[in-house]
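Note sheet for the following structure.
We count ligands from 1, going down the list as the structure has it; atoms in each ligand are counted the same way. Heads up: numbering here begins at 1 and tracks the sequence.
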Amino acid sequence: MNSVYHIPALKKDCIELLNIKPNGVYVDATFGGGGHSSAILEHLTTGKLLGFDQDIHTQKNIPLNPRFLWINDNFSNITHQLHEHGIKKVDGILADLGVSFHQFDTAERGFSFRFENANLDMRMNLHSDLTAAMVLNEYSEENLADIFYYYGEIKSAKKLAFHVIQYRKNIKIQKIKDLLHICGYVFPEHLIKSYLPQIFQALRIEVNQELEHLKSFLQQTTDLLNPHGRLVVISYHSLEDRIVKNFMKSGNVEGVLEKDFYGNQQVPWKIITKKPIVPTDEEIFENPRSRSAKLRVVEKI
Ligand SMILES: C[S@@+](CC[C@H](N)C(=O)[O-])C[C@H]1O[C@@H](n2cnc3c(N)ncnc32)[C@H](O)[C@@H]1O
């Protein structure tokens, strides 16, 4: 296992673009290894930072800083949690989506196809009920095909779903090697490796209901941010990025531009990054896992 918990992507850009006020209240919606949080804390004097993460393992990264509060919950519960802590408005929200290195590099979490003997788990929240093995053993063929097609953008989604069903008639799908075996019936041997990231992405999105939670979270940020407060989001694949882009462009996750009676557009945001910021070649060289990061920022009007 890699001993580094996580290396935060685009850290300098995130901090600059959050435009931190030393006495402001900020949310790191995806605390993880706390790399972004520590950088935010360096800019606070009397302010406050609330760090959300649904993964209990992140508890060990809590900084010894009285300005920081760790909240072990899904970021889609942001409004409820902030209200519980007596906070109605914040000055900035950062979300660095996806999985941490720790999750990816810990065999038993089941996020990486490198660990053939690991169980197909893929839960970020270890208290939730649904695992990837359950998805593969219990979902209908049609449902599985949709997940592979829409969340993994896999063209042979139907064929893959068919072989999942055939396999599980005889053997319970439990370990990553079961899934690798199934892939052997669907893809040419030399191409299997190139399909695995998409297949794993699809299952991970379903297990963690990632897109639904992201949409719910984004929709709540509009009311939570003070005027001039910023929303800073890093996404790592096109499905997430499309949702973030639509939301920032239109104020809703469908991306529909709404107009008032006079024909004026009803967008609560000023766009700060006309195009997404991506890592430099130097950052990608030092941290190859940052290569798909896309950073988008808006400011509440
Ligand atoms: C890419 S890592 C963030 C790393 C962090 N920025 C750092 O500097 O270490 C993503 C983290 O967000 C958490 N996460 C992902 N989706 C979440 C959600 N819907 N609610 C709460 N935490 C979530 C994951 O458990 C993971 O720890």
Side-chain angles (χ1 to χ4, degrees), residues 2-15 17-18 26-43 49-63 65 68-82 92-106 109-112 121-128 130 151 201 203-221 231-237 239-241 243-244 247 253 279 283 286-295:
N2 193 336
S3 60
V4 176
Y5 196 97
H6 190 79
I7 302 174
L10 297 164
K11 185 161 80 171
K12 196 164 161 278
D13 300 277
C14 287
I15 300 306
L17 288 162
L18 257 180
Y26 292 86
V27 170
D28 179 352
T30 51
F31 172 66
H36 284 115
S37 277
S38 298
I40 295 171
L41 285 167
E42 281 173 21
H43 289 76
L49 173 64
L50 295 100
F52 282 72
D53 206 297
Q54 59 179 329
D55 188 341
I56 189 84
H57 286 189
T58 62
Q59 187 169 23
K60 64 173 172 232
N61 304 321
I62 298 174
N65 186 319
F68 180 80
L69 183 72
W70 178 69
I71 299 178
N72 184 209
D73 200 353
N74 199 295
F75 55 48
S76 59
N77 293 325
I78 184 169
T79 306
H80 168 76
Q81 284 289 357
L82 292 184
I93 301 175
L94 165 73
D96 175 20
L97 304 172
V99 290
S100 65
F101 293 9
H102 176 80
Q103 288 164 332
F104 195 64
D105 294 332
T106 305
R109 301 299 296 266
F111 284 106
S112 168
D121 190 314
M122 301 196 196
R123 289 169 303 162
M124 292 190 202
N125 174 359
L126 293 169
H127 297 298
S128 81
L130 188 66
Y151 295 167
Q201 171 182 300
L203 289 167
R204 200 193 86 196
I205 291 176
E206 175 62 17
V207 167
N208 297 288
Q209 295 289 304
E210 290 181 29
L211 305 183
E212 297 315 312
H213 287 299
L214 175 62
K215 287 179 191 169
S216 164
F217 159 74
L218 290 173
Q219 278 159 340
Q220 295 173 64
T221 59
L231 172 65
V232 175
V233 184
I234 307 177
S235 61
Y236 291 87
H237 57 76
L239 300 174
E240 278 172 353
D241 188 53
I243 294 170
V244 174
F247 179 70
V253 289
E283 178 168 357
E286 279 167 14
N287 177 10
R289 287 176 179 172
S290 71
R291 66 188 174 278
S292 51
K294 279 191 177 164
L295 170 64

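Note: an N/O pair closer than 3.5 Å links G35 and ligand 1 by distance alone. Between V99 and ligand 1, not a single N/O pair is under 3.5 Å apart. Considering both main-chain and side-chain atoms, Q103 comes within under 3.5 Å of ligand 1 through a nitrogen or oxygen pair. Considering backbone and side-chain N/O atoms, T58 never comes within less than 3.5 Å of an N/O atom of ligand 1. Considering backbone and side-chain N/O atoms, S100 never comes within less than 3.5 Å of an N/O atom of ligand 1. No N or O atom of D28 sits closer than 3.5 Å to an N or O atom of ligand 1.
Across all their heavy atoms, Q103 and F111 have their closest contact at O-CD1, 3.4 Å. A95 approaches A29 most closely through the heavy-atom pair CB-CB, 4.1 Å.
Contact annotation: for M124 versus ligand 1, heavy atoms closer than 4.0 Å belong to the side chain alone. Here L214 has no heavy atoms under 4.0 Å from ligand 1, in either its backbone or its side chain. Contacts of Q54 with ligand 1, taken as heavy-atom pairs under 4.0 Å, involve both backbone and side chain.
Panel note: side chain R109, backbone M124; a donor-acceptor pair is recorded below 3.5 Å. Remark: the backbone N or O of Y151 is paired with a side-chain donor or acceptor of Q201 at under 3.5 angstrom. Between the side chain of E286 and the backbone N or O of E283, no donor-acceptor pair lies under 3.5 Å. Remark: side-chain polar atoms of Q81 are not paired, donor with acceptor, to backbone N or O of N77 under 3.5 angstrom. Between the side chain of H36 and the main chain of A9, a donor-acceptor pair closer than 3.5 Å is present. Checked by atom type and distance alone, the side chain of D28 never pairs as donor or acceptor with a backbone atom of F52 at under 3.5 Å. Between the side chain of S216 and the backbone N or O of H213 there is no donor-acceptor pair closer than 3.5 Å.
Selection from D53, I40, T30 by nearest heavy atom to atom 26 (C) of ligand 1 gives D53.
Checked against side chain to side chain contact (heavy atoms under 4.5 Å, CB included), T79 has the following partners two or more places apart in sequence or in another chain: H83, Q220, L224. Judged as a side chain to side chain contact (heavy atoms under 4.5 Å, CB included), and not counting sequence neighbours, the contacts of K60 are Y5, H102.
Among all protein heavy atoms, the one lying closest to atom 10 (C) of ligand 1 is G98 O, 3.1 Å.
Within ligand 1, counting atoms from 1 as listed, the ones closer than 4.0 Å to a heavy atom of D55 are 25 (O). Which parts of ligand 1 touch H6 is read off a 4.0 Å heavy-atom cut-off, strictly below it: atoms 1 (C), 4 (C), 7 (C), 9 (O). The atoms of ligand 1 that sit less than 4.0 Å from any heavy atom of G33 are 7 (C), 9 (O). The ligand atoms of ligand 1 that sit less than 4.0 angstrom from a heavy atom of D73 are 21 (C). Taking every non-hydrogen atom of G34 and a distance limit under 4.0 Å, the qualifying atoms of ligand 1 come out as 7 (C), 9 (O).
Distances from ligand 1 to the non-hydrogen atoms of L97 include at least one value under 4.0 Å. Look at L94 and you'll find every heavy atom at least 4.0 Å from all atoms of ligand 1. Residue S76 places every heavy atom at 4.0 Å or more from ligand 1. Note on ligand 1: F31 sits in its first shell, one or more heavy atoms being nearer than 4.0 Å.
When the options D96, N61, D55 are evaluated for a side-chain contact (heavy atoms from CB on, under 4.5 Å) with F31, the one that passes is N61.
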